[in-house]
Amino acid sequence: MLPRQQHVLNALASCATACDQCTTLGLASLPLQAHLRSFRLSRDCADLCRLAAAFLAREAEHTPHLLRECAELCRACADACTQFDTLQHRACTEACRRGEDACRTAFV
């Protein structure tokens, strides 16, 4: 595996973990209704990051398409999480920004 691919895999794994933690910890401590969109995006982002990582690891033909979509979802998730000032949301925002950047630059 090339170093660039490993960088993307690491960023995707970190993003998925941060999104999972944001959703799990946030649901236990915040008013759900006010944060519902960010929680939904975090779950979707975590799932897509894991799928994109699997495609990348096996060098699947449609990896570039999936990475482009993953970058878009990471951006949307980060944007949604920036609206809230909690440790979980800040960590999710940072990880999503790194995931977006890694996906966008993976095949440049």
Side-chain angles (χ1 to χ4, degrees):
M1 181 165 294
L2 297 172
R4 176 176 262 174
Q5 289 172 309
Q6 189 60 54
H7 168 73
V8 176
L9 288 174
N10 292 344
L12 291 172
S14 294
C15 187
T17 299
C19 286
D20 284 338
Q21 289 174 345
C22 184
T23 303
T24 302
L25 298 173
L27 286 174
S29 62
L30 298 170
L32 177 61
Q33 197 60 31
H35 299 84
L36 194 55
R37 182 170 185 269
S38 72
F39 292 149
R40 286 180 175 161
L41 284 170
S42 291
R43 274 190 78 176
D44 291 347
C45 188
D47 289 346
L48 188 54
C49 282
R50 283 189 283 273
L51 180 62
F55 270 58
L56 181 62
R58 67 177 174 249
E59 299 178 1
E61 179 180 342
H62 289 275
T63 300
H65 305 291
L66 204 54
L67 288 176
R68 279 192 291 278
E69 184 59 34
C70 192
E72 290 299 314
L73 186 51
C74 285
R75 182 196 48 76
C77 186
D79 290 348
C81 286
T82 59
Q83 298 175 26
F84 305 101
D85 190 29
T86 68
L87 180 62
Q88 294 88 7
H89 282 97
R90 284 191 302 271
C92 188
T93 297
E94 292 172 16
C96 285
R97 296 280 186 228
R98 287 190 303 273
E100 176 189 9
D101 182 60
C103 287
R104 289 197 190 284
T105 60
F107 291 99
V108 175

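Here, residue 1 is the first one in the sequence, and each next residue gets the next number.
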Participant: Examine distances only and state if a side-chain atom of Thr17 and a backbone atom of Ser14 form a donor-acceptor pair shorter than 3.5 Å.
Facilitator: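 Here the side-chain-to-backbone pair does not exist.
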Participant: Working to the nearest 0.5 Å, report the span between SG of Cys49 and CG of Asp44.
Facilitator: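 Spacing of SG (Cys49) from CG (Asp44) equals 11.0 Å.
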Participant: Using side-chain hydrogen bond (donor to acceptor under 3.5 Å, both in side chains) as the criterion, point out the one residue from Asp85, Thr93, Thr86 that pairs with His89.
Facilitator: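 With His89 as partner, side-chain hydrogen bond (donor to acceptor under 3.5 Å, both in side chains) holds for just one option, Thr86.
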Participant: Is it true that atom CZ of Arg90 has more than 12 heavy atoms of other residues, nucleotides or ligands lying nearer than 6.0 Å?
Facilitator: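 Yes, because the 6.0 Å sphere around CZ of Arg90 holds more than 12 heavy atoms from other groups.
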Participant: What pairs of residues pass the salt bridge (charged side-chain N to carboxylate O under 4.0 Å, His left out) test when at least one of them lies in residues 14-25, not counting sequence neighbours?
Facilitator: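 Counting only pairs at least two positions apart or across chains, the salt bridge (charged side-chain N to carboxylate O under 4.0 Å, His left out) contacts touching residues 14-25 are Asp20-Arg50.
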Participant: Closest approach of Gln5 and Leu56, non-hydrogen atoms and distance?
Facilitator: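 Answer, listing the atom of Gln5 first, then Leu56: O-CD2, 3.7 Å.
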Participant: What do the steps show when you test Arg75 against Glu72 for salt bridge (Lys or Arg N to Asp or Glu O under 4.0 Å), and what is the final call?
Facilitator: CA-CA 5 Å; Arg75 182 196 48 76; Glu72 290 299 314; 3.2 Å; yes
Participant: How long is the straight-line distance from CZ of Arg37 back to SG of Cys81, given to the nearest 0.5 Å?
Facilitator: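 So the gap between those two atoms works out to 9.5 Å.
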Participant: Kindly indicate whether the side chain of Arg98, heavy atoms from C-beta on, has any atom under 4.5 Å from the side chain of Asn10.
Facilitator: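 Sidechains of Asn10 and Arg98: no contact.
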Participant: Using the test side chain to side chain donor-acceptor pair (under 3.5 Å), find all partners of Arg40 that sit at least two apart in sequence or belong to another chain.
Facilitator: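 Arg40 satisfies side chain to side chain donor-acceptor pair (under 3.5 Å) with no other residue.
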Participant: Any idea which heavy atoms bring Leu41 and Ala80 closest together, and the distance?
Facilitator: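 What the structure gives for the nearest pair is CD1-CB, 3.7 Å.
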Participant: Would you confirm whether Thr63, through its side chain, and Glu59, through its main-chain N or O, come within 3.5 Å as a donor-acceptor pair?
Facilitator: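 Checked: no pair found.
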Participant: Looking at Phe55, is Arg58 sitting on its ring face, NZ or CZ under 6.0 Å from the six-membered ring centre and within 45 degrees of the normal?
Facilitator: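 Geometry flag: set, cation within 6.0 Å and 45°.
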Participant: Enter the distance from Leu67:CG to Cys103:SG here, rounded to the nearest 0.5 Å.
Facilitator: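 The SG atom of Cys103 is 5.0 Å from CG of Leu67, to the nearest 0.5 Å.
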Participant: Distance check, rounded to the nearest 0.5 Å: Glu100 atom CD versus Asp79 atom CG?
Facilitator: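 The distance works out to 8.0 Å.
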Participant: Where do Val8 and Ala106 come nearest, in terms of heavy atoms and distance?
Facilitator: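 Closest heavy-atom pair between Val8 and Ala106: CG2-CB, 3.8 Å.
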Participant: With Ser42, which of Cys15, Cys96, Cys92 fulfils side-chain contact (heavy atoms from CB on, under 4.5 Å)?
Facilitator: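 Filter result, single survivor: Cys92.
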Participant: List in chain and number order the residues that pass side chain to side chain donor-acceptor pair (under 3.5 Å) with Arg68, two or more places apart in sequence or in another chain; answer none if no residue qualifies.
Facilitator: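 Listed in chain order: His65.
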Participant: Group every Ile, Leu, Val, Met, Phe, Trp and Tyr by side-chain heavy-atom contacts under 4.5 Å, then state whether Leu73 and Leu12 land in the same group.
Facilitator: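 Per the 4.5 Å side-chain linkage, Leu73 and Leu12 are not co-clustered.
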Participant: Over all heavy atoms of both residues, which pair between Cys22 and Phe39 is shortest? Give the atoms and the distance, please.
Facilitator: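 Heavy atoms of Cys22 and Phe39 come nearest at O-CE2, 3.7 Å.
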